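First listed ligand is number 1; within each ligand, the first listed atom is number 1. Predicted model only: the values in this text are computed from it and were never measured. The first residue of the sequence shown is numbered 1, and numbering continues consecutively from there.
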Amino acid sequence: MKPVDTLRRPLRDLRISVTDRCNFRCTYCMPKEVYGKDFQFLEREALLSFGEIHRLVRLFREQGVEKVRITGGEPLVRRKIERLIEMLAYPGDLDLTLTTNGSLLKQKAQALKDAGLKRVTVSLDALDNTVFKAMNDVDFPVDRVLEGIDEAERVGLTPVKINMVVKRGVNDADAIAMARRFKGSGHIVRFIEFMDVGHTNGWKLDEVVPSAELAARIGQAFPIEPIEANYRGEVAERWRYLDGSGEIGFISSVTQAFCSDCTRARLSAEGKLYTCLFATEGTDFRAPLRADASDEVLTGLIRQVWSRREDRYSELRSAGAAQADKPRVHKIEMSYIGG
Ligand code: SAM
């Protein structure tokens, strides 16, 4: 029997962070003041090896995981990442995707496709070059990301999903341009509410643009209507353009928490398993892996962690429950656990 948690949610998705490093310093995710020259990233030996990740994925799949997303930090800065993709892609029945900031996608897209990757999600917060550079804070030009998206399309890593985190007063004015740019392209733009993950991003509720507000704004420019989810537990609410030129999505983790359908576990780059993006504690898999634990022992650990899971942070936050925040003094950072 595959495990369910205390709220009867199955384990379906695994997000694997392959590095805590990133070549961007997005102000809301890895602000330079914190992630500067002196920041201690994980040492190479601390990272799970590709062999270790591959083994864990096999065991997680036996417990119900159908979808694996490779993330980070920036996953494309991990050396020979395509080798890991190749290992996970065989024998081909896993829904395998990757989330990237797109900066290295132009160079890497073909190798990733050849290795067996099916699709990519590209984070892109603005089309306006000045806004984009200000947000990534390393002066990275937006055109290079757009070239990466074009290359992903050319090699068939499609449909490309494009995730835009929307912050009021920072990039919300660019949302309509983003919709316009990718309307009719076959790519799917998803607008994400700025979330209160971690501690370093100085999150404030008034910087969140609720999806309902954004949908109304976009709908005025281009008529849209909501459509059915592809499957239960789909994170993005789907909308389509009435003129038939494609769809967009909204991920409303702040205004419409979706904890009740959350089937995701997250593995950090050093092998800690977290059962919520807002978790404070993870369960270490690296030590048992490196102590030659048997498959049975590791499987037992996966089952134990999942069956005890009771997280529903975002729902508690929406309900204004004090316990949503009080015990969370050590919330993990998005760049550590991956988006
Ligand atoms: N480097 C990769 C990328 O850029 O997609 C993968 C890791 S990144 C942490 C994953 C996603 O998390 C990005 O789309 C990023 O914008 C998003 N993210 C980071 N902090 C966030 C926050 N506070 N609220 C919402 N999304 C956030």
Ligand 1-proximal atoms of Val165, by part, heavy-atom distance under 4.0 Å |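 It is the side chain that gets close, since no backbone atom is under 4.0 Å.
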
Which bit of Val122 gets closer than 4.0 Å to ligand 1, counting heavy atoms only: side chain, backbone, both or neither?
->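 Answer for Val122: neither.
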
Nearest non-hydrogen protein atom to atom 27 (C) of ligand 1, with distance, is Met334 CE, 3.4 Å

Protein contact to atom 8 (S) of ligand 1 [nearest heavy atom, distance to 0.1 Å] | Gly339 N, 4.3 Å

When you check the gap from the basic side-chain N to the acidic O, do Asp295 and Arg55 get nearer than 4.0 Å?
-> yes

Hey, is Glu147 close enough to Lys106 for a salt bridge, meaning N to O under 4.0 Å?
-> yes

Without hydrogens or angle criteria, can the side chains of Gln256 and Ser211 be said to hold a donor-acceptor pair below 3.5 Å?
->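 The answer is no; no qualifying pair exists.
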
Does an N or O from [X], backbone or side chain, lie closer than 3.5 Å to an N or O of ligand 1?
{"X": "Met195", "result": "yes"}
{"X": "Ser123", "result": "yes"}
{"X": "Tyr28", "result": "yes"}
{"X": "Cys22", "result": "no"}
{"X": "Glu74", "result": "yes"}

Within a distance under 4.0 Å of any heavy atom of [X], pick out the atoms of ligand 1 and give their elements.
{"X": "Glu193", "value": "25 (C)"}
{"X": "Val197", "value": "22 (C), 23 (N)"}
{"X": "Thr71", "value": "6 (C), 7 (C)"}
{"X": "Phe194", "value": "22 (C), 23 (N), 24 (N)"}

Does Thr100 reach the side chain of Glu74, with side-chain heavy atoms less than 4.5 Å apart?
-> yes

Going by heavy atoms in the side chains, are Ile224 and Leu242 under 4.5 Å from each other?
-> no

For Lys204, look at atom NZ and say whether over 12 heavy atoms of other residues, nucleotides or ligands are found less than 6.0 Å away.
-> no

Evaluating non-hydrogen atoms only, which member of Cys26, Ser17, Gly73 is closest to atom 1 (N) of ligand 1?
->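 Nearest heavy atom to atom 1 (N) of ligand 1 lies in Gly73.
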
Check the pair Arg266 / Ser17 against side chain to side chain contact (heavy atoms under 4.5 Å, CB included), numbers first and verdict last.
-> CA-CA 8 Å; Arg266 296 164 191 273; Ser17 172; over 6 Å; no

Report the C-alpha distance between Ser123 and Asn163 in whole Å, list the side-chain angles of each, state the deciding distance to 0.1 Å, and finish with yes or no for side-chain hydrogen bond (donor to acceptor under 3.5 Å, both in side chains).
-> CA-CA 5 Å; Ser123 303; Asn163 282 356; 5.2 Å; no

Ring-face cation of Lys183 near Tyr241 (centre distance under 6.0 Å, axis angle within 45°) =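 Yes, Lys183 and Tyr241 form such a contact.
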
